[in-house]
Number of protein chains: 2
Amino acid sequence: MAYNYQYPRAALTVDCVVFGFDESELKVLLIQRALDPFKGKWALPGGFVRVDETLDDAARRELAEETGLENVFLEQLYTFGTVNRDPRERVVSVAHYALVKLTDHKAKAATDAANAQWFPISKLPKLAFDHADIVAAALARLQGKVRYQPIGFELLPPKFTLSELQHLYEAILEAGLDKRNFRKKVLGFGLLMPLKETQMAGRHRPAQLFRFDADKYEKLKKRGFNFEL
Amino acid sequence: MAYNYQYPRAALTVDCVVFGFDESELKVLLIQRALDPFKGKWALPGGFVRVDETLDDAARRELAEETGLENVFLEQLYTFGTVNRDPRERVVSVAHYALVKLTDHKAKAATDAANAQWFPISKLPKLAFDHADIVAAALARLQGKVRYQPIGFELLPPKFTLSELQHLYEAILEAGLDKRNFRKKVLGFGLLMPLKETQMAGRHRPAQLFRFDADKYEKLKKRGFNFEL
DNA sequence: TATTAATAGTGTATCATTAACACTATGTCA
DNA sequence: TGACATAGTGTTAATGATACACTATTAATA
């Protein structure tokens, strides 16, 4: 690898596909652009990487600045580097995806991120740049990952019912799941702790609440345990 | 996303983990560095991304320049962006991994890439920068990918025996496989075409040669066929 | 207070897949 | 022609996946 300063450099950004789950729908958080190009268009939250921060740090900083979100599940997805992604100059973007609990975010949404809005994944508006490609890649990754890693819990509140969990998986995988088989499988992992509370909701039988045991998950993961759905 | 030219920019490179397979061993192609830092140390082939080429193009160009390899299987792996990867300045590297048929490469090795050398994955020298991390990530990816996509053929000559294929998978997965179950499974995919030739090798029964049917694979892949090992 | 509506919760039987296992076949070389 | 080295081949048992239907509990209402 030779060093060479004579060439112009690409600009480096991070973009984030933020997933949330609410009312049986998978949603994505978008920002309305204030400046050209694509002024007024919806886009992914993101921005420039500073020379003194890692890619992960940059993604978290932009997320906090533009949406008020902090301490979320965040992973690098893919780096998008086609030459004309940006109409002005060469910009390479390291895309990430994040999973957030919508319940946490709702309070902050009004304050920090007036121009941020959740859209159902099936009804996204036209997006700026190649952001539609990035969302597609993120969804594919989420669908793949959810099959063998229990990351779905990042999208649910700390206490949830098995029905809510099943609806989440059905929304992500875009497929119906058998109730009995689903419960058998997820309870079999031993990562769901039943709480003493139940969730009362309207005119029907209340449901058992569970929480996800993250400590136990970490221990089992280290032993190479398999969480394939 | 706001544009801002006032900050210094990170330099952007690509690096490639090139895998090969020979004599029952998985190998990685390394370059001996001619310049400081890490002068004389072994490193991954790679270099700067130009403003008028995609990341994929950059990786292929560097591979051709430094190792003489062309038309190889190449995929983006992960982008490494810790702040002090490079002792001189901020450098973000988009890592790729490549799979090559060693038989193809051997002829070229002497001419194009005098300072390139294959190392068994289990006996790598100390590497420059964070290249050891990159190799580890590439190996993990290869091990994961090989379970559900028939990419192993990229590492074998066009004609190969089932024993060679099994040894390859054993080398990648670092695990022994049952001969009968392995043959049953891979032949069951219907992607291996038996040739009329056999491979004579030394003092034992000659083995049936096969070739991988890439066209058939593409067709089945589009229909969502599952190639899980 | 009996009925209805709405979701929670539960078990079994069949089918498909995976895992374990050992011997015969065919060539070369001494 | 016997020894050696690798190729090639099926069956059984265990495990995991799939398909499937009814009862239980609550709130609302008649």
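Chain identifiers are assigned alphabetically (A, B, ...) following the order of the sequence lines, protein sequences preceding nucleic acid strands; residue numbering begins at 1 within each chain. Values below: all heavy atoms of this structure, side chains included; hydrogens, waters and symmetry mates excluded.
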### No-H, no-angle donor-acceptor pair, A:Arg203 side chain to C:dA6 base, under 3.5 Å
no

### Query
Taking DNA chain D as the partner, which of residues 158-178 of chain A come within under 4.0 angstrom of it by heavy atom?
A:Asp178

### Task
Report yes or no: do A:Thr54 and B:Thr82 form a side-chain donor-acceptor pair below 3.5 Å?
no

#### Entry: A:Gln208 CD to C:dT7 C1', straight-line distance once rounded to whole Å
15 Å

### Task
State whether the distance check finds a donor on one side and an acceptor on the other, under 3.5 Å, for side chain B:Arg180 versus base C:dA22.
yes

### Summary
B:Phe182 CZ to C:dA20 P, in whole Å, measures 16 Å

### Task
Give a yes or no on whether a donor-acceptor pair under 3.5 Å exists between the nucleobase atoms of C:dT10, that is its base, and the side chain of A:Lys184.
no

### Message
Nearest heavy atom decides the nucleotide; on that basis, is B:Pro206 or A:Asn181 closer to the 5' end of DNA chain D?
### Response
B:Pro206

## Note on the structure
Closest of C:dT18, C:dC29, D:dT6 to the B:His204 side chain is D:dT6

### Query
Counting only heavy atoms not in A:Lys145, do more than 12 fall under 6.0 Å of its NZ?
yes

### Query
So which nucleotide from D:dT9, C:dA8, D:dA28 ends up closest to the side chain of A:Arg183?
C:dA8

### Ring centre gap for B:Phe227 and B:Tyr217 strictly below 6.0 Å
yes

### Query
Checking all strands, does A:Lys185 fall into the base, sugar-phosphate, or nothing category for heavy-atom contacts under 4.0 angstrom?
sugar-phosphate

### Task
Round to a whole Å and report the spacing from CG of A:Asn226 to P of D:dT15.
16 Å

### Message
If I take atom NZ from residue B:Lys101 and atom CZ from residue B:Phe153, how far apart are they, to the nearest 0.5 angstrom?
### Response
10.0 Å

### Message
Could you tell me how far apart B:Leu229 (CG) and C:dT17 (C1') are, to the nearest whole angstrom?
### Response
13 Å

### Task
Rounded to the nearest angstrom, tell me the gap between atom CD in A:Gln199 and atom P in C:dA6.
18 Å

### Query
Taking CD from B:Glu228 and C1' from C:dA16, how many angstroms apart are they, rounded to a whole number?
14 Å

### Task
Using whole Å, report how far CZ of B:Arg205 lies from C1' of C:dC23.
13 Å

### Message
If I take atom NZ in residue B:Lys179 and atom P in nucleotide C:dA20, what distance separates them, rounded to the nearest angstrom?
### Response
17 Å

### All pairs passing salt bridge (Lys or Arg N to Asp or Glu O under 4.0 Å) where residues 117-127 of chain B contributes a residue, at least two apart
none

### Query
What about A:Phe212 and A:Phe210, are their ring centers closer than 6.0 Å?
no

### Message
Under a 4.0 Å threshold between the charged nitrogen and the carboxylate oxygen, would A:Glu218 count as salt-bridged to A:Lys222?
### Response
no

